[in-house]
Engineer: 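Dropping a structure here in structure tokens format, bear with me for questions.
Each chain gets a letter, A, B and so on, in the order the sequences are listed, and its residues count up from 1.
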Amino acid sequence: QAKVQFFPSLTGRTGPVAPNATPFANGYADYMKLVNARGGINGVQTLVEECETAYATDRGVECYERLKGKHGGATVFQPLSTGITFALTEKIPNDKIPMITSGYGRSDSQDGGVFKWNFPLIGHYWVAGDTVLQHIAKKEGGWDKLKGKKIAVVYHDSPFGKELLPIIQERQKMHGFEVQLLPVPAPGVEQKAIWLQVRQQRPDFVIMQTWGVMTATALKEAIATGYPREKMFGTWWSGAEPDLKDVGAAAKGYSAVMMQHGAEPQAAVVKEILDKVHAKGQGTGPKDEVGQVLYMRGVVGAMLAVEGVRAAQERFGKGKVMTGEQARWGYENLDLTQAKLDALGFKGVMRPVSTSCFNHMGSAWARVHTWDGAKFTWASDWLQADEQLIKPMVKASAEKYAAEKKLTRRAPADCQS
Amino acid sequence: MSAPLLNVNGIEVIYNHVILVLKGVSLQVPEGGVVALLGGNGAGKTTTLRAVSNLLAGERGEVTKGSIELRGERIEKLSTSAMVERGVIQVMEGRHCFAHLSIEENLMTGAYTRKDGKGAINATLEKVYNYFPRLKTRRGSQAAYTSGGEQQMCAIGRALMANPKMVLLDEPSMGLAPQIVEEVFEIVKDLNQREKVTFLLAEQNTHMALRYADHGYILESGRIVMEGAAKDLRENEDVKEFYLGMGGGDRKSFKDVKSYKRRKRWLS
Amino acid sequence: MSERRIGEVILDVKNISLRFGGVKALTDISFNVREHEVRAIIGPNGAGKSSMLNCINGVYSPQEGQITFRGKTFSHMNSRQVAEMGVARTFQNLALFKGMSVLDNIMSGRNLKMKSNLFQQAIRFGAAEREEGEHREFVEKIIDFLEIQAYRKTPVGRLPYGLQKRVDLGRALAMEPQVLLLDEPMAGMNVEEKRDMSRFILDVNDEYGTTIVLIEHDMGVVMDISDRVVVLDYGKKIGDGTPEAVRANPEVISAYLGAGH
Amino acid sequence: MLYRENGQFKTSYRADQQVFPITQDRVAILALLAFAVLAVPVLADEYLFRAILIPFLILSLAALGLNILVGYCGQISLGTGAFMAVGAYAAYNFFVRIEGMPLIVALLLGGLCATVVGVFFGIPSLRIKGLYLAVATLAAQFFVDWAFLRISWFTNNSPSGSVSVSNLSFFGISINTPHEKYLFCLGIVVLFAWLAKNLVRGHIGREWMAIRDMDVAAAVIGIRPVYAKLTAFAVSSFIVGVAGGLWGFVHLGSWEPAAFSIDRSFQLLFMIIIGGLGSIMGCFFGAAFIVILPIFLNRALPAVGDLFGVEISTAAVAHSELMIFGALIVFFLIKEPHGLARLWSTAKEKMRLWPFPH
Amino acid sequence: MGFFIETVIGGLMSGMLYSLVALGFVLIFKASGVFNFAQGAMVLFAALAMARFAEWFPALLGLDNKLIGNLLAFAGAMVVMVAVAWLIERLVLSKLVNQEGITLLMATLGIAYFLDGFGQTLFGSAIYKIDVGLPKDPLFLLESVFQGGVLVNKEDLYAAGIAAALVIALSVFFQYTSTGRALRAVADDHQAAQSIGIPLNRIWVIVWSVAGFVALVAGMIWGSKLGVQFSLSLVALKALPVVILGGLTSVPGAIIGGLIIGVGEKVSEVYLGPTLGGGIEIWFGYVLVLFVLLVRPQGLFGEKIIDRV
Ligand SMILES: Nc1ncnc2c1ncn2[C@@H]1O[C@H](COP(=O)(O)OP(=O)(O)OP(=O)(O)O)[C@@H](O)[C@H]1O
Ligand SMILES: Nc1ncnc2c1ncn2[C@@H]1O[C@H](COP(=O)(O)OP(=O)(O)OP(=O)(O)O)[C@@H](O)[C@H]1O
Ligand SMILES: [Mg+2]
Ligand SMILES: [Mg+2]
């Protein structure tokens with residue numbers, strides 16, 4: 001019997017965020033197929049089984065329970081929902097299954113000393129917040145130019161949206177700009193009042209932490225109130241094709257910070273997927289979606305999930321199926337050098353990722369892209385979130401969590417296991 | 001007797017899949033006749049009328065056996081509105097006025113199925129107001145805020161508005177003042193004689209019913225236990241005793257009934 | 001028949017006027033009811049009979065006038081206060097609790113007398129259960145009395161009309177009222193059933209000494225069982241007196257009885 | 001054994017007033033309980049516990065609370081999610097802010113806080129009725145959700161507004177494994193179901209039902225609408241609050257206001273309608289229908305697909321699940337508009353008549 | 001001042017859009033006593049049909065006139081909605097005659113689930129576009145009076161006009177025709193209405209078709225604002241307080257309720273929001289409704305709730 005490594009996939013193919021969550025799930029599935037076409041992880045085939053959460057926490061929990069023990073045990077979960085992440089964070093230590101939450105979930109889970117099983121690989125909300133501010137500052141000509149400026153933050157009124165705020169407030173203290181918080185009640189189909197306030201206050205910039213239909217609505221209202229799109233900056237869940245396609249040319253000039261990758265139609269891995277998966281009629285979604293922003297995020301997520309297992313195999317036995325616990329070690333000891341990434345087909349898409357016991361993020365790089373009316377183009381260089389700033393915030397928050405839960409911080413010795 | 005207008009043939013009715021209420025009821029109503037359906041509380045009079053007008057479905061009841069024919073046509077499967085189109089209309093027990101509509105609007109909805117134009121409808125409206133002057137004075141008030149008797153008149157008037165060929169009257173006298181009761185029966189007589197309207201009349205006021213009907217059926221626990229020409233029934237000793245309150249010849253005072261004397265059961 | 005001692009005035013209605021917008025339901029009505037008597041109210045449809053009862057038990061508040069009950073005078077009381085003073089009633093358009101069984105409907109009439117609190121009821125052992133049992137016994141007597149044993153557990157909505165009327169009466173009786181207001185209790189009954197009902201009413205009146213105020217359209221019943229009769233016509237009182245006197249009153253004849261009676 | 005009540009004569013009213021007057025019923029329910037306590041822990045796997053049984057039990061409890069208000073007292077509420085949230089967040093605050101607070105006490109205090117909020121939002125019911133009231137209670141839903149997001153004190157100043165608990169125990173017995181959680185929930189649910197049953201067959205229950213069926217008549221026989229409605233709100237929100245606490249503490253472990261969103265309120269309302277308004281049993285039927293059926297469909301559909309050799313995509317499964325679920329709701333309502341509990345009792349009635357058709 | 005006017009106008013426009021959805025609720029409730037939970041799903045379903053037809057028809061027929069394409073799509077979607085109405089009557093309502101309101105409400109919920117699943121199966125669950133050529137650019141009025149002028153959204157303006165026209169037509173229909181009267185009778189008492197020969201099945205097909213039409217118009221306008229996708233069905237939640245404020249049975253009430261809620265929501269969010277931390281519009285409408293109901297339990301224009309023994 002062929003050896004298989006099971007990667008569960010919690011999808012949001014229906015419900016309020018379906019247009020955004022579907023490409024992610026497709027990318028995830030396609031990359032896994034590609035891995036198999038390449039011969040698996042040292043010969044171990046990957047297996048994906050999906051479970052539909054419709055972006056609802058309780059359904060997510062049910063899916064987790066359903067999939068965690070299947071096919072020899074789940075390797076790693078990627079719930080694609082902050083709510084589900086919060087709920088699973090309480091469950092995974094008992095079940096000994098790691099969870100990757102690239103770009104969402106708990107920012108403080110970067111601290112592997114407290115969150116042994118969580119991996120916000122390559123970025124979390126605070127990285128997004130910091131880099132988007134850096135980008136704005138750069139455009140203005142330096143942090144000092146932000147003093148006295150007014151920045152409005154339009155955010156999803158939920159933990160997902162609120163997680164962004166601490167970093168903005170931290171930066172606000174440092175640089176003396178003014179922040180106007182504008183929460184948008186979910187699902188965000190009605191934002192007139194928000195944008196009227198924007199029109200009245202005339203902030204110099206608007207940062208958007210939105211998701212799903214909320215992003216498109218925000219853009220449309222901005223257009224309707226005449227707020228310039230050039231001054232609007234989304235975080236990485238607020239700048240993908242489904243959000244902008246419908247608005248089209250009118251959204252020209254809108255930018256969003258990207259968790260390293262953006263839309264990557266030229267990347268080698270994309271070509272390979274088209275070749276080895278889609279050309280064989282095994283593509284999961286429509287062909288033209290391959291290489292789009294959220295599709296790529298699924299691909300990157302899958303790649304990280306696979307590479308963790310590969311790393312674990314180095315230690316626990318090449319060509320063996322890894323348990324969740326072993327895979328966790330892999331994620332904690334990821335060392336994806338540029339060369340390795342390039343070889344995997346991620347040249348120009350990603351920068352090196354290297355995790356450790358106390359750093360479960362492994363990389364804090366981002367870029368900003370801008371909508372030109374039909375597609376995204378890069379608008380910034382690589383930006384790196386300020387670790388000096390973020391580390392203490394992560395630590396403080398993680399400590400608070402540990403205290404509430406009466407957890408003790410992992411001893412360095414524990415890092416060896 | 002010529003072929004009956006309505007022929008109910010051994011029907012059985014079950015409510016809610018389990019409660020058997022009619023256990024084989026058969027009756028005939030001749031064209032242009034006035035037939036009374038008598039019987040105590042819970043005998044199944046209302047159920048019989050509902051079966052004829054096809055209002056059982058809403059009560060989760062169904063006819064499980066037997067047949068009902070109107071002018072020879074099987075009608076168990078028709079909808080109530082189809083029955084109204086064939087000129088058969090029921091005045092429901094317990095009034096059932098449209099609470100939010102005014103008295104006049106209530107009456108006008110009665111004419112919903114009519115196609116003979118505004119003038120004719122208005123004429124009927126006038127006729128109904130003539131029958132029940134009280135309704136005219138209260139024409140503008142919401143039905144819910146009229147007295148019980150006024151609602152009863154409204155329900156009867158509403159049915160008359162449809163210009164029916166046959167009326168199924170379920171306890172028309174309930175809650176009406178004696179004068180009005182008399183009047184209602186006069187209306188029945190009047191319509192029957194002048195417009196040849198056929199009546200099937202479920203009544204507790206046996207006295208009145210048998211005075212105005214040509215024929216009567218007595219229903220008990222879901223079975224017809226006696227039938228006959230109205231005048232024969234009036235003379236029947238049992239009917240006299242139990243339905244007319246005149247056992248032994250004269251009317252007994254309500255005060256003097258000493259014990260609860262149980263009615264003689266014909267069956268069961 | 002035992003000698004029924006008609007007592008003092010227990011309920012005194014003075015100059016009651018009630019209007020709904022333009023409709024004058026009652027105009028300056030006064031009458032009284034003596035302890036232990038059977039008092040009938042008659043009148044054509046829409047005369048204001050039901051409204052009168054509604055004023056007495058606090059469902060409507062009359063614009064003018066007062067009601068004195070056992071020496072206590074009020075122009076408006078809420079229904080509960082009236083109930084506490086011992087007035088019960090039945091309704092013209094059945095007002096039973098449709099979703100409840102016959103037993104529960106009648107038990108609910110005992111509510112005022114049940115004292116156990118929420119916690120005792122939740123636990124149910126002891127006080128609450130004992131109380132429930134005691135009242136159940138009383139209610140069973142009423143059920144026997146009304147001969148509806150077979151329907152105890154049936155939801156009232158499924159009962160035929162006539163039995164529902166009986167349950168309505170049962171619920172009122174369960175309150176052990178001093179004064180019982182009956183709004184057309186015999187509508188929709190045949191002669192035999194009316195006889196039974198008359199018997200019930202007279203028995204209640206006899207055995208418990210309950211005072212009865214009765215609205216009824218069946219003249220036979222009214223004439224036979226009532227001690228005194230009030231006649232209303234379009235909100236005005238047009239007659240008051242013994243059945244015989246009322247029956248002879250020409251105004252009453254023309255307004256209500258019609259030639260036949 | 002035939003299902004009959006013939007031959008089972010009651011010699012006292014007390015015997016007649018039992019919850020299950022028919023012996024067969026009593027035996028069946030005891031057997032069911034024994035099965036739930038003794039056999040299920042042995043038979044069920046972790047998935048069944050965590051994903052199905054525990055949420056089923058907790059939501060049954062919440063439905064029970066709601067049914068008291070809607071089914072028994074006739075006051076339609078769409079604010080259930082809010083009262084659950086109050087229960088959960090209040091319990092959370094008692095639990096983390098007071099050192100050594102026992103779980104069960106925290107949950108009950110959470111229930112009490114929900115009671116207070118419930119009674120407050122119940123006051124309008126004295127004037128507002130029916131669907132109007134239902135929408136008015138949505139004010140509670142939205143306001144409470146908003147408050148828990150906005151007022152960071154409630155969430156112990158967590159930046160995201162999400163809170164979590166762990167290391168639960170009950171008088172020294174840990175309740176962290178699915179097993180223990182299940183038994184803990186089962187205990188609470190059975191206890192509350194019993195208390196609730198006692199209430200609804202006591203005179204307070206009759207007051208509620210009287211108000212539901214006809215409030216004017218209820219007033220005339222001396223029932224105070226104010227008292228009846230507010231006690232219903234109080235009892236209901238207490239139970240709902242405890243259920244909210246359990247949902248947060250035992251089922252999710254970590255939650256945000258979205259766990260008690262308007263969807264939850266609707267879901268609970270649907271449970272009691274489909275299960276049977278005014279029926280304790282109905283809450284369980286309803287919860288089973290609404291919790292388990294979608295999961296069942298979700299799992300069964302791909303299997304059915306396999307049978308025919310077609311692979312059904314996740315989205316197609318989800319969509320078919322919605323369609324079948326919707327169709328089944330309609331189907332059962334047509335079969336029995338008063339809910340599954342009534343369907344069940346009609347079936348029993350038929351069984352009683354068997355083998356004679358009527 | 002200019003800004004205040006702008007906020008009020010913005011509120012009025014939003015309110016008008018809420019009314020459009022609210023109207024569907026009112027129609028069905030008024031005509032059959034059913035609180036139609038599926039209204040949101042119907043809006044989504046209609047919009048999905050229209051969006052997809054606007055893509056498919058021109059492609060099929062080789063058309064490229066946008067107007068004709070849209071008209072065809074609209075007509076096609078209308079046909080679909082009539083079919084839906086017919087099926088709902090046949091399969092659901094006709095079997096639930098004379099049942100309590102809450103049972104019917106639950107049944108409409110079943111319908112809502114079904115339509116959600118069915119719509120997405122037929123038409124897909126990605127985000128689709130309805131482009132009926134409503135202008136999207138802002139319009140500035142009174143620029144001479146206030147600095148920056150008063151901003152009005154042209155798209156909203158058109159939408160408001162359409163909504164107003166619909167409402168007037170429907171009010172007239174209900175108040176002055178005999179079918180309107182029959183519809184109100186049905187809402188009061190199914191059985192009595194049946195007993196006098198009102199054909200419930202036909203009435204219901206008509207009403208649900210009209211409601212389908214309203215849903216289609218609402219779906220078209222909201223869809224062209226938001227894009228057509230699942231979230232569209234959630235606008236129903238915005239319409240709930242509107243329905244109740246105006247009164248469940250009043251067509252004009254839906255409009256006035258919408259305007260009040262729209263304005264109240266926007267003004268409160270803009271002026272009170274910042275002090276309370278924002279996001280208050282989600283509950284403002286409901287709390288407002290709560291207070292209004294305390295004074296008028298039947299909403300502003302609803303029929304008085306009858307309470308009589
Ligand atoms: N909807 C229903 N569901 C169940 N049983 C019903 C229903 N309607 C009537 N019944 C039962 O059917 C039997 C006959 O009732 P029906 O109403 O036909 O009697 P009736 O002769 O009209 O009596 P009344 O003179 O009191 O109106 C009764 O025993 C009643 O309990
Ligand atoms: N709540 C109300 N609002 C408006 N009008 C009312 C109200 N209650 C009663 N009325 C009117 O007052 C008048 C008297 O009504 P009431 O019900 O007292 O009559 P009644 O004497 O009991 O008649 P019936 O014998 O027909 O029952 C009627 O014309 C009725 O329309
Ligand atoms: Mg009858
Ligand atoms: Mg009256």
Side-chain angles (χ1 to χ4, degrees), chain D residues 70 76 78 121 123-124 126-147 149-151 214-217 219-220 262 266 269-270 272-274 277 294 315-316 318-339, chain E residues 29 35 37-38 41 91-92 95-96 98-122 124-125 237 240-241 243-245 247-248 276-280 282-291 293-295 297-299 302 305 307-309:
Chain D
V70 183
I76 306 176
L78 285 173
F121 279 101
I123 292 172
L126 304 179
R127 246 182 99 69
I128 308 174
K129 291 187 178 144
L131 286 170
Y132 288 94
L133 178 67
V135 174
T137 55
L138 276 179
Q141 176 68 50
F142 285 110
F143 183 80
V144 166
D145 270 0
W146 175 87
L149 269 176
R150 197 62 70 244
I151 303 171
M214 179 137 276
D215 48 2
V216 188
V220 167
I262 180 168
F266 281 126
L269 187 67
F270 303 154
I272 59 172
I273 299 176
I274 205 94
L277 289 171
H319 296 153
S320 327
E321 175 199 319
L322 285 174
M323 278 154 59
I324 298 176
F325 185 57
L328 280 178
I329 289 180
V330 172
F331 172 79
F332 278 109
L333 285 177
I334 289 172
K335 270 258 146 253
E336 178 52 69
H338 294 103
Chain E
F29 187 83
F35 192 79
F37 232 90
L91 301 177
V92 184
K95 304 208 159 36
L96 287 171
N98 203 32
Q99 298 305 330
E100 281 155 47
I102 195 137
T103 305
L104 292 166
L105 179 149
M106 191 68 202
T108 63
L109 178 89
I111 297 173
Y113 274 112
F114 188 86
L115 283 182
D116 276 347
F118 190 56
Q120 294 184 66
T121 307
L122 277 187
S125 47
L237 276 186
L240 276 187
V243 181
I244 293 296
L245 182 67
L248 264 170
L276 291 177
I280 65 171
I282 191 157
W283 53 259
F284 184 85
Y286 287 96
V287 172
L288 181 73
V289 164
L290 182 61
F291 283 106
L293 287 185
L294 285 177
V295 185
Q298 72 275 34
I305 297 166
D307 190 11
R308 223 201 128 185
V309 278

Engineer: Who wins among Gly279(E), Gly299(E), Gly101(E), Gly117(E) for the most heavy-atom pairs under 4.5 Å with chain D?
Structural biologist: Gly117(E)
Engineer: Grab the two heavy atoms, one from Tyr113(E) and one from Gly326(D), that are nearest each other, plus how far apart they are.
Structural biologist: CB-CA, 3.7 Å
Engineer: Can you tell me how far apart CG (Leu115(E)) and CE (Met323(D)) are? Round to the nearest 0.5 Å.
Structural biologist: 10.0 Å
Engineer: Between Leu277(D) and Ile102(E), what is the shortest heavy-atom contact and its length?
Structural biologist: CD1-CG2, 3.6 Å
Engineer: So for Phe331(D), is it side chain, backbone, both, or neither that comes closer than 4.5 Å to the heavy atoms of chain E?
Structural biologist: neither
Engineer: Which bit of Asp145(D) comes within less than 4.5 Å of chain E, counting heavy atoms only: side chain, backbone, both or neither?
Structural biologist: neither
Engineer: Less than 4.5 Å to any heavy atom of chain D: does that hold for the side chain of Phe291(E), its backbone, both, or neither?
Structural biologist: neither
Engineer: Which answer fits Phe284(E), side chain, backbone, both or neither, if we ask what part of it has an atom under 4.5 Å from a heavy atom of chain D?
Structural biologist: neither
Engineer: Consider side-chain contact (heavy atoms from CB on, under 4.5 Å). Of Leu138(D), Ile262(D), Leu131(D), which one does Leu240(E) pass it with?
Structural biologist: Leu138(D)
Engineer: Testing the basics here: between Ile282(E) and Trp146(D), what is the closest heavy-atom pair and its distance to 0.1 Å?
Structural biologist: CG2-CD1, 4.5 Å
Engineer: Of all heavy-atom pairs between His319(D) and Thr121(E), which one has the smallest distance, and what is that distance?
Structural biologist: CB-OG1, 3.2 Å
Engineer: If the test is side-chain contact (heavy atoms from CB on, under 4.5 Å), which one of Leu133(D), Thr137(D), Ile128(D) qualifies with Leu290(E)?
Structural biologist: Ile128(D)
Engineer: In terms of heavy-atom proximity below 4.5 Å to chain E, should Leu328(D) be classed as side chain, backbone, both, or neither?
Structural biologist: neither
Engineer: Considering only heavy atoms, which portion of Ile76(D) lies under 4.5 Å from any heavy atom of chain E: side chain, backbone, both, or neither?
Structural biologist: side chain
Engineer: Among Gly285(E), Gly302(E), Gly247(E), Gly278(E), which has the most heavy-atom pairs under 4.5 Å with chain D?
Structural biologist: Gly278(E)
Engineer: Of all of Val287(E), Val92(E), Leu109(E), which one pairs up most often with chain D through heavy atoms under 4.5 Å apart?
Structural biologist: Leu109(E)
Engineer: Which answer fits Ile329(D), side chain, backbone, both or neither, if we ask what part of it has an atom under 4.5 Å from a heavy atom of chain E?
Structural biologist: side chain
Engineer: For Val135(D) versus Pro241(E), what's the shortest heavy-atom pair and its separation?
Structural biologist: CG1-CA, 4.2 Å
Engineer: Just so I understand: if I count every heavy-atom pair under 4.5 Å between each of Ile111(E), Leu248(E), Leu105(E) and chain D, which residue has the most?
Structural biologist: Leu248(E)
Engineer: So which atom in Leu276(E) and which in Arg150(D) form the shortest heavy-atom distance, rounded to 0.1 Å?
Structural biologist: O-CG, 3.5 Å
Engineer: State the CE-CG distance between Met106(E) and Leu269(D), to the nearest 0.5 angstrom.
Structural biologist: 7.5 Å
Engineer: Mind checking the CD-NE2 spacing from Gln99(E) to His338(D)? Nearest 0.5 Å is all I need.
Structural biologist: 6.0 Å
Engineer: Give, as side chain, backbone, both or neither, the part of Leu237(E) having an atom under 4.5 angstrom from any heavy atom of chain D.
Structural biologist: side chain
Engineer: How are the rings of Phe142(D) and Tyr286(E) set to each other: parallel, tilted or perpendicular (split at 30° and 60°)?
Structural biologist: parallel
Engineer: Could you tell me whether the side chain of Ile334(D) reaches within less than 4.5 Å of the side chain of Leu96(E), counting heavy atoms only?
Structural biologist: yes
